[in-house]
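Quick notes on the structure that follows.
Everything numeric here is computed off the predicted structure, so don't read it as measured data.
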Amino acid sequence: MADVHDLLDIRDEWGAIAGGYLDRVLGALGSAEPKAIRALMRDLHAADLADLIEALDQSDRVALIAALGRSFDVEALAELGEGVRDELMEALPNDVIASAIKKLDTDDALYLIEDLEESDQHEILAKVPREDRAALTRALDYPDGTAGRLMQTEFVAVPQFWSVGKTVDHMRSARGLPEDFVEVYVVDAGHHLKGAVPLARLLRNAREEDRRCDG
């Protein structure tokens with residue numbers, strides 16, 4: 001059986017989403033056929049998916065993302081224009097947004113949530129892993145448009161009660177840490193930033209269990 005993408009062009013001659021393809025998507029949404037919708041989206045590039053989302057009205061955008069479920073390419077959210085992005089973030093449930101930002105780089109995740117209400121930000125961040133939460137919280141503490149808000153937000157954060165030895169062991173064994181960093185950020189039980197320890201200082205200190213990272 002031929003792939004749907006072989007039978008129907010996604011874009012027209014001017015580069016916009018083709019009317020025929022859009023009609024197929026709307027028909028599948030109207031019929032509430034998740035399998036048909038996922039087939040139409042199969043192997044669709046994130047940029048194409050973003051353009052498709054922008055071509056839909058708000059209710060259809062939400063319905064499309066709900067129908068795709070885990071197969072939704074969250075990278076498309078970062079490709080959206082600011083106006084559509086803000087409208088969509090307001091319309092999507094917070095648990096859907098939290099699930100999406102878990103799969104994004106922290107810079108893209110910040111782009112999605114930075115204009116949400118503070119209460120929504122807190123609810124979303126409560127659902128993401130500790131280190132991602134600390135990175136995003138730190139970035140959101142900077143005023144919009146400042147260097148701190150715009151900088152790469154990937155960093156290493158550890159609980160303030162960890163010993164030097166435990167922290168060093170974590171940096172040696174944990175997966176997904178940044179390739180280059182010069183400081184380790186220390187957070188409290190509420191994941192609030194308490195300070196930063198230079199990496200060189202950590203490596204020079206002894207591993208005693210009673211010496212904490214904030215000591």
Side-chain angles (χ1 to χ4, degrees), residues 1-117 120-121 124-125 127-129 132 135-136 139-140 144-145 149-154 176 178-179:
M1 181 176 179
D3 189 278
V4 68
H5 295 154
D6 295 331
L7 301 174
L8 190 64
D9 288 334
I10 295 171
R11 294 187 179 273
D12 61 22
E13 58 185 305
W14 296 283
I17 296 297
Y21 180 72
L22 184 60
D23 288 342
R24 289 283 295 273
V25 172
L26 291 172
L29 287 173
S31 302
E33 300 176 359
K35 289 184 178 179
I37 294 168
R38 287 193 287 269
L40 285 165
M41 303 295 112
R42 188 180 298 123
D43 299 325
L44 202 63
H45 189 277
D48 293 323
L49 180 54
D51 285 349
L52 172 62
I53 291 172
E54 293 187 347
L56 299 171
D57 63 30
Q58 185 72 320
S59 60
D60 287 330
R61 292 167 184 162
V62 176
L64 174 64
I65 293 173
L68 290 174
R70 293 186 177 183
S71 65
F72 174 62
D73 185 352
V74 298
E75 297 288 344
L77 295 175
E79 298 279 348
L80 294 172
E82 184 175 357
V84 173
R85 176 208 69 187
D86 291 345
E87 290 179 3
L88 189 56
M89 290 303 100
E90 290 291 341
L92 288 175
N94 284 341
D95 59 340
V96 173
I97 299 174
S99 178
I101 68 174
K102 290 176 186 178
K103 304 173 185 177
L104 293 171
D105 292 335
T106 49
D107 285 342
D108 287 337
L110 177 64
Y111 172 73
L112 293 184
I113 68 171
E114 61 183 352
D115 293 327
L116 294 178
E117 294 291 335
D120 289 322
Q121 291 176 349
I124 291 166
L125 292 175
K127 301 175 185 294
V128 304
D132 291 340
L136 290 166
L140 288 168
D144 190 19
R149 175 66 72 88
L150 297 173
M151 67 186 289
Q152 168 59 248
T153 54
E154 295 284 1
E179 291 187 5

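One N or O on the side chain of Gln58 and one on the backbone of Glu87 form a donor-acceptor pair closer than 3.5 Å. Side-chain atoms of Lys102 come within 3.5 Å of backbone N or O of Lys127 as a donor-acceptor pair. With Arg85 contributing its side chain and Tyr111 its backbone, the two residues share a donor-acceptor pair below 3.5 Å. Between the side chain of Arg38 and the main chain of Glu33, no donor-acceptor pair closer than 3.5 Å is present. Within the 3.5 Å criterion, the main-chain N or O of Leu80 finds no donor-acceptor partner in the side chain of Glu54.
Between Val62 and Val96, the closest side-chain pair of non-hydrogen atoms is not below 4.5 Å. Residues Leu125 and Ile113 meet the side-chain proximity criterion, which asks for heavy atoms closer than 4.5 Å. Within the 4.5 Å cutoff, the side chain of Leu92 has no heavy atoms near those of the Arg61 side chain.
Note: Leu136 CG to Ile101 CD1 = 5.5 Å, rounded to the nearest 0.5 Å. Summarising the geometry, atom OG belonging to Ser99 is positioned 10.0 Å from atom CG belonging to Leu104; distances are rounded to the nearest 0.5 Å. We find the OH-CG distance between Tyr21 and Leu44 to be 4.5 Å, quoted to the nearest 0.5 Å. Note that the CG atom of Asp51 and the CG atom of Leu56 stand 11.0 Å from one another [nearest 0.5 Å]. Taking CD1 from Ile65 and CD1 from Ile97, the interatomic distance works out to 9.5 Å, rounded to the nearest 0.5 Å. Atom OG in Ser31 sits 10.5 Å away from atom CG in Leu26 (nearest 0.5 Å).
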Report the C-alpha separation of Leu112 and Val74 in whole Å, then their side-chain angles, then the decisive distance to 0.1 Å, and conclude whether the side-chain contact (heavy atoms from CB on, under 4.5 Å) test is met. CA-CA 11 Å; Leu112 293 184; Val74 298; over 6 Å; no

Can you check side-chain contact (heavy atoms from CB on, under 4.5 Å) on Ile17 and Val25, steps first, answer last? CA-CA 11 Å; Ile17 296 297; Val25 172; over 6 Å; no

Going through the checks in order, is the side-chain contact (heavy atoms from CB on, under 4.5 Å) test met by Asp108 and Glu75? CA-CA 8 Å; Asp108 287 337; Glu75 297 288 344; 4.0 Å; yes

Would His45 and Asp73 satisfy side-chain contact (heavy atoms from CB on, under 4.5 Å), going step by step from the backbone distance to the final call? CA-CA 8 Å; His45 189 277; Asp73 185 352; over 6 Å; no

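Here the closest heavy-atom approach between residue Ile37 and residue Ala67 is recorded as CD1-CB, 3.6 Å. Contact detail for Ala28 and Leu40: the closest heavy-atom pair is CB-CD1, 4.1 Å. Closest approach of Asp120 and Leu116 over heavy atoms only: CB-CB, 4.3 Å. Here the shortest heavy-atom pairing between Glu90 and Asp115 reads OE2-O, 4.5 Å. Here the shortest heavy-atom pairing between Glu79 and Ala50 reads CB-CB, 3.5 Å. Across Met41 and Leu68, no two heavy atoms sit closer than the pair CG-CD2, 3.4 Å.
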